[in-house]
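Position 1 is the first residue of the sequence; numbering continues from there. We count ligands from 1, going down the list as the structure has it; atoms in each ligand are counted the same way.
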Amino acid sequence: MTEFPANLALMEPIYLYSTDFPKWVQVLVDCPGIQGLYTYAVPTEIVVQVGDILSVPFGSQVIGGIAIGFITELPTDLTPTQVKPIQEVITQGFFAASYWRLLDRVADYYRTELMTVIRMALPPGLLQRSQRRIRLKIEELPSGAELFLSLPGREILQLLQKQTSHHYSYVHLQRQVRGCQRGIRELTKRGWIESYLEDPKNIHAKQQDAVILLTQNSAIKLTPRQQEVLEVLRRQGGELRVSDLSKLTNCTNSVIKKLADNGYVTIEKRERLRLLSTVEMARDQAKPLTIAQSKAVETLKKLKGFNQVLLHGVTGSGKTEVYLQAIAPMLAEGKSVLVLVPEIGLTPQLTDRFKARFGNKICVYHSALSDGERYDTWRQMLTGTAQVVIGTRSAIFAPLPNLGLIILDEEHDSSFKQSQLIPAYHARTVAQWRAELENCPLILGSATPSLESWLTVKVQTELQTAQGFPKSPVHYLDLPERVADRPLPPVEIVDMREELKTGNRSIFSYSLQNALKNLKEQGKQGILFVNRRGHSTFVSCRSCGFVLECPHCDVSLSYHYTHAGATELLRCHYCNFTQIQPRHCPSCESPYLKFFGSGTQKVTEALTEQFPELSWLRFDSDTTRTKGAHRRILDDFSEGKADLLVGTQMLTKGLDVAQVTLVGAIAADSLLNFSDYRSAERAFQTLTQVAGRAGRGDEAGKVIIQTYAPHHPVIQAVKNHDYQAFVDQELPQRQILNYPPYGHLILIRLSGLESDLVENTAVAIAERCQVILGNQVEILGPAPASVMRVAQRFRWHILLKFSDNLIQNLDLKELRVICPASVSLSIDVDPLYIE
Ligand code: ADP
Ligand code: ZN
Ligand code: ZN
């Protein structure tokens, strides 16, 4: 809690006497050919608020802009005389001010330009072609009004009065009247006119011709063909798209046009949203809840304002039903809800369940939408009608007003972090800020919570209980059992070293082979999981399971072999420790020291060879490239069109197929030994999620995990479905080395075409870091990235490690100055992968 100084009562509120209210406003200008942030002066007679739409002079034109923040000092390259004043406030509060504060915070924390954040968050051309217009408020006008006015005011008034609909574009008035701006100010002040920006909402929507039946009868006689068309239109409810009517009646557009000319119908432009067409779904009802579910829902319903909730529910415990029942009262109150999921394509089932419950209140928003679709969705959101937006990470920036709740499903999933592009934000972090700013609850749901969420919510809740602190807004809710008394599936761990000893050289252990044989006989389905990431970079012994690790960093070494004839090296890509690849295992002298790896393709080949009677579907990034492929494969599998689904990490995300009784993980070790401090957490999460696909229906399931490290604590925790054991093992290790969630990391990535230049720059930047950050920060590296050369570019990085409270204060701007133009530098705050 913040301590207030004891003499607070004596202090004067300074701002009351200060004439120093904001003089400069930052305006986002987003018109064709111009996009950027510009500084304007605020004339004393105009009151501007963040989120207002303004008209501002730009070159010789006057254009629209959005006020996004105030500054007290001008940028160094501007003098007060260069700064033009804004002209007018056109629409007040178009955006909630909190929205811009959010974007500002993202820019600040992730060390990016605000404009980069804006470009990512909002569709381009927000105010495109929107025109400022002036409308006469005829009802406000006293008789003899013109007597009070200056000449330009009078001229404008007369122009507006003469025009039948009483409005004109600003540009038009400007052309007609000298001193137009003064006149407009005067009339506005008296309340006789108002300015508005032609609603940007109405500009981009795709317009379509609709034909509407008119009720009054026309005198002109109809041909039988025309009568037929009219009859169809009447039966369809009197309103159809022109294209649909002509399709239905097989008539040409000219027939319809003729009907319009004769006064039987009218043709109007109607806007159609380019939103994903929603398939009509059978609607469902709220399910009666289990005891744990209803406890969770009751707690959620009581929350007021910002609260952070961890919903920790084992796989199949019914988290989705909890979300649905927490959302329903929000919609009833007229509030909107934001639901973030890892990948839309992978979770069609989840989206379907939302649509089944809430119908057309569901709106899907993700990065695969075209600009136009994004624009439409965005407009639809700004209308303020209560709705549920389901989307991937970028949906956290959906400009929904009146937000009542934010949900992150599978909150531990790494796709919530944007790693490849800037800003390198994490949607969970942004969600927390947004919930704070909007003062609404945030639910983080997972069967395998991230250690970040565990530390913030669970550990904090325990501390509070122990120390009797006032409740801070965190809640831990758990669903420890599956619904309908279904048990969690038993997990069998197979020691692959033993298999090798007994002469089994197949990639399937005897146990898995048996299970596969039984599958067909029992008419059940199975899933085989193959790890995609990091295989064949770490080196391990096939005889004893020993893994080569960096003596300094507690991560496994990566294999580096750059070209034929080069020395085979092992490298730590945190600190650049390097050694020659040994010929024999340092632990048992075995010569079977190998890189890991077997892809989905290798597994399906082995299946065809050993189990030709089993049919399979492959589910990985190769087979799901085309649009809708995810869904197709999952649907085919759900409908029983194959015995097995063989896939990568994609399998772990929310797949709910009742007939799946067998789950096999082929080579769990490639997950454990990825050269990253997070690999244990990721391995636990992935294996638990994969295991959770088994036995979700009435039939009990079984899980087989193949490994060279059967006693590894992660494997044991997965076997026992024991999240707590995993945490107890992992958290202290993170704390000792000051890794997240305790300390923070910033990864500085450098890349370029010239090997030496990149390396030298990395060295120079690391030295600079030492100077400016000193001993507050641990500087690891520079080291080459795990895959040092990608697309002809050489990649190096520097890792900064420091304690939690420092992150806001580290100023890294200086580093960009010493980076040559041909080397690109990117800053990844809280990186998830250090590779
Ligand atoms: P999770 O997301 O926690 O893994 P799901 O939400 O997918 O679990 O729920 C698992 C299954 O249980 C789903 O098929 C769901 O329809 C069903 N289910 C959830 N809650 C209930 C309930 N209260 N009564 C009956 N079935 C339920
Ligand atoms: Zn060995
Ligand atoms: Zn190291």
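When heavy-atom distances to ligand 1 are checked against a 4.0 Å cut-off, L479 has no atom that comes that close, whether in backbone or side chain. Here R353 has side-chain heavy atoms under 4.0 Å from ligand 1, and that is the only part of it that gets that close.
The main-chain N or O of D828 is never found under 3.5 Å from a side-chain atom of D830 such that the two would form a donor-acceptor pair. The backbone N or O of E681 sits nowhere less than 3.5 Å from a side-chain atom of H412 that would complete a donor-acceptor pair.
Around the CD atom of E436, the shell of radius 6.0 Å holds more than 12 heavy atoms that belong to other residues, nucleotides or ligands.
Comparing E321, K287, Q293 by heavy-atom distance to atom 23 (N) of ligand 1, the nearest is Q293. Distances from atom 8 (O) of ligand 1 to the heavy atoms of G318, G445, A292, G697 show the closest one on G318. One option in S294, G316, A658 has a heavy atom closer to atom 10 (C) of ligand 1 than any other, and that option is G316.
The closest approach between any non-hydrogen atom of A484 and ligand 1 is not below 4.0 Å. Within the 4.0 Å heavy-atom shell around ligand 1 one finds R696. The shortest separation from a heavy atom of D409 to ligand 1 is not under 4.0 Å, leaving the residue out of contact.
A salt bridge links R678 with E452: the closest approach of a Lys/Arg side-chain nitrogen to an acidic carboxylate oxygen falls below 4.0 angstrom. Ion pair R734/E730 flagged as a salt bridge, since at least one NZ, NE, NH1 or NH2 atom sits closer than 4.0 Å to an Asp/Glu carboxylate oxygen. Using a 4.0 Å cut-off between charged nitrogen and carboxylate oxygen, D409 and K319 do not count as a salt-bridge pair.
Every atom of ligand 1 is numbered from 1 in the order shown, and the set under 4.0 Å from a heavy atom of V314 is 3 (O). Per-residue contacts place L289 under 4.0 angstrom from the following atoms of ligand 1 (heavy atoms of the residue considered): 23 (N). Close approach of ligand 1 to T320 is summarised as follows: ligand atoms under 4.0 Å from at least one heavy atom of the residue are 2 (O), 6 (O).
Of the polar atoms of T315, none of the N or O atoms is found under 3.5 Å from an N or O of ligand 1, judged by distance alone. Between P288 and ligand 1, at least one N/O pair is under 3.5 Å apart. Any N or O atom pair closer than 3.5 Å counts here, and G313 shares no such pair with ligand 1.
The ring of W616 has its center no closer than 6.0 angstrom to the ring center of F611. The six-membered or imidazole ring of H312 lies near that of Y723, with a centre-to-centre distance under 6.0 Å.
The closest side-chain heavy-atom distance from F726 to T448 is not below 4.5 Å.
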